[in-house]
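Inspection log for the structure reproduced underneath, given as structure tokens.
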Amino acid sequence: MINCERAGIKRFVVAAPRELYPDVARAMGRFKDRDTVSMVESFSEILNRRNAQGLGIDPSSPCVSFSGNLVFAKSQLARLLDAHASNPRLVHRTVSTDLDQGGEIATGPIGEILKSGGTSTRLAAPAASLLPFALNGRPDDREEAELRLAKSIREESAHKDAPMARWVDRRISWRISYWLAQTRVTPNMVTVANTAFGLTCAWMFSVPNYWMRLFAAIFFLISITIDGVDGELARLKMVESEFGGALDIATDNIVHVAVFVGLLVGCYRVDHSRAYLYLIPILLGGFMMCVYATWRAFKIKGAQAAAWLDKVDRWSGRDFAYLVVVLAIANRLEYFAWGTAFGSYVFALVLIWITGRTASSIVNRRSSIVNGD
């Protein structure tokens, strides 16, 4: 019900025997007292007429139907809703991938969904799909469902992760998230702890010692991997919040600035060249331009913009941490210092230019649609 609510579904109807109403209400948690949630003994009693509670539904009303004790990811619900949007008159079904195939999700007109043998389009699950999963009373059901849910997180973010984040970081972070999901650790705790770890890396970069700077680069790479855990953990525990997202973004930026400044200070203390001190305000200016360019890019709205924003996520990812490790091994961190100081301006300007072109393209496309072209 939480996933459905976040997907924009406003009204819920639960069918159960009347003697089980109290148990079902307790199971619904915070949803049980809402006016938008109703319980009936049979869906057929509310089609084309109102029941004793005054509830009635038009058979042509769009509906998402769940049968079985299902566990599913938001991405799979979104896939079904997209299929429904492409052809709302058909019933689109997907069967659970557990051994018993003991559950099903369907979208379409509620009347058609309830008809036995009604028009339907079976959606084949992608090869990598791990959910939905139906809990059918087997002893290992819970562990299997939790494991599948944790693995699905990696698939959900694959389209916007940078290459190394997709191939390496997510393969590690989801395992950490899966373990933490079974503890009392909260996503915000992970964010704060990882911020402290990142700031420690920044201090280590400022120390004029080869091994200290090398370990700083390695620890920073570990921090990058852990950075994905807070979001994954929030989705696993279903505790996503605007505050948590804002905290993650703010602390990421603080760590970025601290690490880059620490790296420049370290280069100055190694080479004793004042040029690195002059690079600090230059780098900060470039960083602010990148923040502005990214903010401007994320202001674009619409379906076409979503694909563009995924590209922005990939381009602005933190795969650069792998390059930092390589340069630290070669004792050439000054290359990264100079490249970042001026490269940040190039990135920001290119992003601003491409964003402008993308926004104009979207506006022109909408104008053509309005004019009937």
Side-chain angles (χ1 to χ4, degrees), residues 1-21 23-32 34-126 129-137 141 145 148-149 152 156 238:
M1 294 178 79
I2 293 173
N3 276 340
C4 289
E5 183 181 51
R6 290 173 178 171
I9 296 170
K10 306 296 185 183
R11 187 178 184 185
F12 300 87
V13 181
V14 181
R18 186 170 295 276
E19 61 270 19
L20 295 181
Y21 278 12
D23 294 332
V24 174
R26 281 193 295 271
M28 287 192 291
R30 61 184 174 86
F31 287 88
K32 64 180 180 180
R34 294 192 180 182
D35 295 337
T36 54
V37 179
S38 306
M39 285 192 286
V40 297
E41 292 188 81
S42 170
F43 291 119
S44 59
E45 72 182 63
I46 59 174
L47 290 182
N48 282 324
R49 62 182 183 275
R50 296 185 178 276
N51 64 0
Q53 288 76 39
L55 178 64
I57 298 179
D58 188 320
S60 64
S61 299
C63 171
V64 182
S65 169
F66 301 91
S67 62
N69 194 7
L70 287 168
V71 179
F72 58 92
K74 288 192 298 183
S75 57
Q76 290 171 316
L77 179 58
R79 178 170 168 265
L80 275 168
L81 293 176
D82 287 343
H84 170 76
S86 66
N87 196 333
R89 295 184 179 182
L90 288 181
V91 174
H92 304 273
R93 305 178 186 272
T94 184
V95 177
S96 62
T97 57
D98 53 282
L99 291 176
D100 298 333
Q101 291 193 321
E104 179 184 84
I105 305 176
T107 62
I110 186 171
E112 291 295 329
I113 290 177
L114 295 178
K115 280 183 182 177
S116 176
T119 303
S120 68
T121 299
R122 182 59 55 84
L123 296 178
S129 179
L130 297 169
L131 294 170
F133 182 84
L135 305 174
N136 288 319
D141 268 2
R148 289 188 180 207
L149 190 60
S152 72
E156 288 183 1
M238 290 191 173

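Throughout, residue positions are numbered sequentially from 1 according to the sequence presented.
- For E41 against Y21, the heavy-atom pair with the smallest separation is N-OH, 3.2 Å.
- Taking the side-chain contact (heavy atoms from CB on, under 4.5 Å) definition, one finds that S60 meets it with D58, sequence neighbours left out.
- No side-chain heavy atom of P132 sits under 4.5 Å from any side-chain heavy atom of F66.
- In this structure, R11 CZ and D35 CG are separated by 11.5 Å, a value rounded to the nearest 0.5 Å.
- Legend: residues meeting side-chain contact (heavy atoms from CB on, under 4.5 Å) with D82, ordered by chain and number and at least two apart, are absent.
- Note that CZ of F72 and CG of L80 are 9.5 Å apart. Values are rounded to the nearest 0.5 Å.
- In this structure, the separation between CZ on F12 and CZ on R34 is 7.5 Å, given to the nearest 0.5 Å.
- With hydrogens and angles disregarded, no donor-acceptor distance shorter than 3.5 Å links the side chain of D98 to the backbone of F133.
- Heavy atoms only, all atoms of each residue included: M39 and A25 are closest at CE-CB, 4.2 Å.
- Side-chain atoms of T107 and P62, non-hydrogen and from C-beta on, never get closer than 4.5 Å to each other.
- R79 CZ to I105 CD1: the interatomic distance, rounded to the nearest 0.5 Å, is 10.5 Å.
- Sorted by first then second residue, the side chain to side chain donor-acceptor pair (under 3.5 Å) pairs that include residues 61-72, not counting sequence neighbours, number zero.
- Between E104 and L70, the closest heavy-atom pair is O-CD1, 3.5 Å.
- In this structure a side-chain-to-backbone donor-acceptor pair under 3.5 Å is present from H92 to N87.
- Looking at S96, its side chain does come within 3.5 Å of a backbone N or O of G102 through a donor-acceptor pair.
- Checking each of K10, R30, K74 against E5 for a salt bridge (charged side-chain N to carboxylate O under 4.0 Å, His left out) leaves exactly one that passes, namely R30.
- In this structure, CD in E112 is found 12.0 Å from SG in C63, a value given to the nearest 0.5 Å.
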Please test T94 against Q76 for side-chain contact (heavy atoms from CB on, under 4.5 Å), starting from the C-alpha separation and ending with a verdict. CA-CA 10 Å; T94 184; Q76 290 171 316; over 6 Å; no

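- Rounding to the nearest 0.5 angstrom, the gap separating the CD1 atom in I57 from the CD1 atom in I110 is 4.5 Å.
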